[in-house]
Protein chains: 2
Amino acid sequence: MDRELLLLGLLRREDMHGYQLTEFINRNLASCVDLKKPTAYYLLDKMVEAGWITRSQEQEGSRPPRHVYQITPEGEAAFRRLLRENLSAYHPARFTDDIGLALLDSLPADEARALLSRRREALAAELEAARAAPPHAGSWQLVIDHLRFHLAAELSWLDGILRRLAEGGTSGE
Amino acid sequence: MDRELLLLGLLRREDMHGYQLTEFINRNLASCVDLKKPTAYYLLDKMVEAGWITRSQEQEGSRPPRHVYQITPEGEAAFRRLLRENLSAYHPARFTDDIGLALLDSLPADEARALLSRRREALAAELEAARAAPPHAGSWQLVIDHLRFHLAAELSWLDGILRRLAEGGTSGE
DNA sequence: TCCTGACTATTCAAAATTGACTATTCAGAA
DNA sequence: TTCTGAATAGTCAATTTTGAATAGTCAGGA
């Protein structure tokens with residue numbers, strides 16, 4: 001229901017068409033959702049059926065007509081409900097990275113160290129990129145701040161592991 | 001491919017049947033994967049087809065027969081490849097929570113504060129639970145450590161937001 | 001002018017995922 | 001002994017997601 005919340009939140013500000021919605025989300029909110037285009041259209045269809053939004057044709061010059069979505073009063077009500085739900089609960093993030101860590105024993109210690117160093121570089125690059133992002137208005141900035149905070153924390157955690165490994169912490173197989 | 005990596009990693013240690021695999025994962029590795037039973041069976045089927053594992057019937061007393069899976073040499077090769085891939089890359093986690101944060105402006109400031117306080121309590125409870133978890137052997141412990149580290153970081157981040165909100169930081173609508 | 005590559009906008013068949021269900025065993029309560 | 005609730009083991013239909021394809025526009029270079 002979180003992707004619906006986000007779509008409603010964007011449509012509340014202004015009417016948009018599907019492509020615009022996915023582009024915006026993937027450019028600005030990739031750190032919290034991964035919304036592929038076909039999924040977005042699927043969700044929009046469902047929300048039309050649920051009466052949360054309406055779809056209308058927009059003809060502009062010689063272009064093929066586009067579908068523009070606008071939020072309804074029911075959609076506005078759903079938005080408020082979903083937002084309250086989202087804000088009050090804690091949704092644990094999943095760390096796919098940890099699968100590899102859990103199986104670290106299966107490789108010789110120095111290979112493990114070398115591979116994790118690469119991960120460290122990838123992570124450091126992400127952090128650099130996040131730091132370079134331009135500031136946003138209002139509470140959108142919170143998302144950017146959170147990403148930076150999280151990446152910095154992850155980096156220091158990973159460095160801790162690499163230090164431990166260098167000291168011969170977890171035994172190689 | 002990460003769930004396959006994990007299944008192979010478990011089957012490398014000992015032959016197991018489907019139910020055992022999912023139970024183990026959901027009990028011990030919920031912080032990195034969410035693997036429902038039907039999905040696990042689906043993946044196991046695919047891995048049998050790919051030749052990474054084999055399935056055999058196990059008859060025990062009057063029980064209905066169970067399917068036991070064992071890893072093949074091809075599976076072992078796949079395991080090593082997937083483990084190297086997983087370890088060397090950085091897989092960003094997604095923060096669904098941030099969707100609500102991004103839309104925080106849409107609620108009056110004191111309601112936002114109240115809702116986030118609930119989230120804070122849920123998060124604090126998770127951290128308590130994670131701290132209570134018993135220690136594991138070898139690199140499995142890394143997963144538990146990571147979870148604790150992450151939850152503690154999130155808690156301090158959320159407290160920071162709550163402080164800012166209390167000082168009237170982000171404007172209510 | 002014609003071609004090429006990038007962007008806009010959407011659809012579709014195939015693949016993956018899930019909630020709900022079936023069926024059995026077992027331990028303890030009534 | 002019979003019932004009940006929990007744990008074990010797995011399946012299936014329906015929903016959801018995805019990679020790949022389609023189709024038009026537009027800007028710039030050859």
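Residue pairs meeting the ring-ring contact (aromatic ring centres under 6.0 Å, His included) criterion with at least one partner in residues 2-38 of chain A, sequence neighbours excluded, are A:Phe24-A:Trp140. Here ring-ring contact (aromatic ring centres under 6.0 Å, His included) pairs that include residues 79-103 of chain B, with residues two or more places apart or in two chains, are A:His146-B:Phe95, A:His150-B:Phe95.
For the pair A:Asp2 CG and D:dT17 P, the interatomic distance rounds to 12 Å; values are reported in whole Å. The separation between B:His17 atom NE2 and D:dA7 atom C1' is 12 Å, rounded to whole Å.
Hydrophobic clustering (ILVMFWY, side-chain heavy atoms < 4.5 Å, transitive): A:Val33 and A:Leu10 are in one cluster.
Considering only side-chain N and O atoms, A:Thr39 lies nowhere under 4.0 angstrom from the phosphate OP1 or OP2 of D:dT16. Between D:dT17 and A:Arg3, a contact under 4.0 Å exists linking OP1 or OP2 to a side-chain N or O.
In this structure, the side-chain contact (heavy atoms from CB on, under 4.5 Å) partners of B:Thr39, at least two apart in sequence or on a different chain, are B:Arg3, B:Leu35, B:Lys36, B:Leu43. In terms of the salt bridge (charged side-chain N to carboxylate O under 4.0 Å, His left out) criterion, A:Asp98 has no residue partners (sequence neighbours excluded).
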For this session: Go through the steps for A:Leu83 and B:Ile99 under the test side chain to side chain contact (heavy atoms under 4.5 Å, CB included), then give the verdict.
Result: CA-CA 9 Å; A:Leu83 179 55; B:Ile99 293 176; over 6 Å; no
For this session: Would you check, one step at a time, whether the test salt bridge (Lys or Arg N to Asp or Glu O under 4.0 Å) holds for A:Arg164 with B:Asp145?
Result: CA-CA 13 Å; A:Arg164 269 194 273 171; B:Asp145 288 348; 3.8 Å; yes
For nucleotides 11-15 of chain C, which of its nitrogen or oxygen atoms have a protein nitrogen or oxygen under 3.5 Å away, and what is each distance?
none

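Counting heavy-atom neighbours within 6.0 Å of A:Arg81 CZ, excluding the residue itself, gives a total above 12.
Contacts between residues 19-35 of chain B and DNA chain C, defined by a heavy-atom separation below 4.0 Å, involve no residue at all.
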